[in-house]
Amino acid sequence: ATLAPCLWQDHKINLIDTPGYADFVGDVKGTLRVVDGAVVLVCAVSGVEVHTEKVWQYADEYNLPRLVFINKLDRENANFDRALTQVQEQLSNKAVAVQLPIGSEANFRGVIDLANMKAILYDPKKGKDYTVGEIPAELQAEAESYREKLIEAVAETDDELVMKYLEGETLTTEEITRGLRVGTIAGTIIPVLCGS
């Protein structure tokens, strides 16, 4: 396991990276005893693997809040939808996408933020440089469908949000963000993000 501290908005966050190989299961189990939450990486090519399920079970034992990051979307044979379905079927039916990829394999170029309904596009030549803009028209319907699932999951975290949702009112970005936080900490929502 490797410690990687970072500062974010006047907070120090200690990330502990554990190996993804079964040979290092002791590091994973020991680390999960002392952390506040877990990020479980799932490969967009190979999907949920046996070791992924074991790590998930360990996180369940410690009742840890967690999120899933579907990684390697720029690789050949990457498939976000397949990986997300495996997460939902094999790990937790509480998993809900909060991001969608824009493109895949060699054409992967960014993500859609479903809470803000914005596209985050990366410049492949400059690495970390990105622009925030409108969702590509060909992905708008898919984004709206996934956003509806996200809003439904978020609404279930709070009685007021449930009533607002059932009455057909639109949840604000702040309400979605707050609901995601509450649901993640409580374990009623497992946010799924994506990238490379």
Side-chain angles (χ1 to χ4, degrees), residues 1-4 6 13-33 35-62 64-115 119-130 136 139 142-143 145-147 149-150 153 180 183-184 187 189-196:
T2 304
L3 179 65
C6 66
I13 301 171
N14 290 311
L15 300 172
I16 303 173
D17 183 19
T18 59
Y21 299 103
D23 296 348
F24 300 101
V25 71
D27 281 0
V28 173
K29 207 162 186 183
T31 299
L32 289 176
R33 287 183 34 236
V35 297
D36 296 320
V39 178
V40 178
L41 270 71
V42 173
C43 177
V45 178
S46 55
V48 173
E49 299 178 281
V50 172
H51 187 64
T52 313
E53 292 177 297
K54 284 192 174 291
V55 168
W56 199 268
Q57 290 169 355
Y58 299 150
D60 280 343
E61 287 175 25
Y62 296 112
L64 287 175
R66 68 205 83 148
L67 61 86
V68 172
F69 187 85
I70 297 178
N71 196 18
K72 301 180 183 178
L73 283 164
D74 59 339
R75 300 277 175 93
E76 187 174 328
N77 297 317
N79 187 315
F80 174 81
D81 291 325
R82 180 183 62 223
L84 177 62
T85 298
Q86 287 179 357
V87 167
Q88 291 168 332
E89 291 176 354
Q90 297 174 5
L91 301 180
S92 176
N93 62 359
K94 299 172 187 171
V96 62
V98 296
Q99 292 180 333
L100 293 179
I102 299 173
S104 66
E105 300 182 4
N107 296 320
F108 176 69
R109 63 185 196 276
V111 297
I112 297 170
D113 174 350
L114 295 173
I120 303 168
L121 298 168
Y122 294 89
D123 182 340
K125 295 177 182 170
K126 296 183 181 177
K128 65 181 180 179
D129 292 344
Y130 66 91
L139 296 174
E142 182 181 16
S145 173
Y146 275 98
R147 187 171 201 265
K149 293 173 188 171
L150 170 62
L180 266 173
T184 302
I189 296 177
I190 310 289
V192 179
L193 298 100
C194 60
S196 174

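From a predicted model like this one, the values you see are computed outputs, not experimental measurements. Note that these values count all heavy atoms, side chains included, but never hydrogens, waters or copies made by symmetry.
- In terms of heavy-atom proximity, Leu64 sits nearest to Gly37 at CD2-N, 4.1 Å.
- When all heavy atoms of Ala1 and Ile16 are compared, the pair lying nearest together is CB-CG2, 3.9 Å.
- Looking at heavy atoms from C-beta onward, Val42 lies out of side-chain contact with Gln86 at the 4.5 angstrom threshold.
- Between atom CZ of residue Phe80 and atom CD1 of residue Ile70 there is a gap of 4.5 Å, rounded to the nearest 0.5 Å.
- A distance of 11.0 Å separates SG of Cys43 from CG of Asn79, quoted to the nearest 0.5 Å.
- The shortest heavy-atom contact between Thr184 and Pro191 is OG1-CG, 3.2 Å.
- The shortest side-chain heavy-atom distance between Thr18 and Leu32 does not fall under the 4.5 Å cut-off.
- Within 6.0 Å of atom CZ in Arg82, more than 12 heavy atoms from other residues, nucleotides or ligands are found, so the atom counts as buried in its surroundings.
- Of the candidates Arg66, Lys94, Lys54, Arg66 is the only one forming a salt bridge (Lys or Arg N to Asp or Glu O under 4.0 Å) with Asp60.
- Between Gln99 and Val111, the shortest heavy-atom contact is NE2-CG2, 4.0 Å.
- Closest non-hydrogen pair, Ala153 versus Ile189, comes out as O-CD1, 3.6 Å.
- In terms of heavy-atom proximity, Glu76 sits nearest to Val45 at O-CG2, 3.5 Å.
- In this structure, the side chain of Arg109 does not engage the main chain of Asp123 through any donor-acceptor pair within 3.5 Å.
- Taking CG of Leu100 as the reference point, atom OH of Tyr146 lies at 6.0 Å (rounded to 0.5 Å).
- Of the listed residues (Leu84, Val87, Thr52), just one forms a side-chain contact (heavy atoms from CB on, under 4.5 Å) with Val68, and that residue is Val87.
- Interatomic distance, CG of Leu67 versus CG of Leu41, reported as 9.0 Å (0.5 Å rounding).
- In this structure, CG in Asp81 is found 6.0 Å from CD in Glu142, a value given to the nearest 0.5 Å.
- Looking at heavy atoms from C-beta onward, Lys72 lies out of side-chain contact with Phe108 at the 4.5 angstrom threshold.
- With contacts defined as side-chain heavy-atom distances shorter than 4.5 Å, the pair Ile112/Leu139 qualifies.
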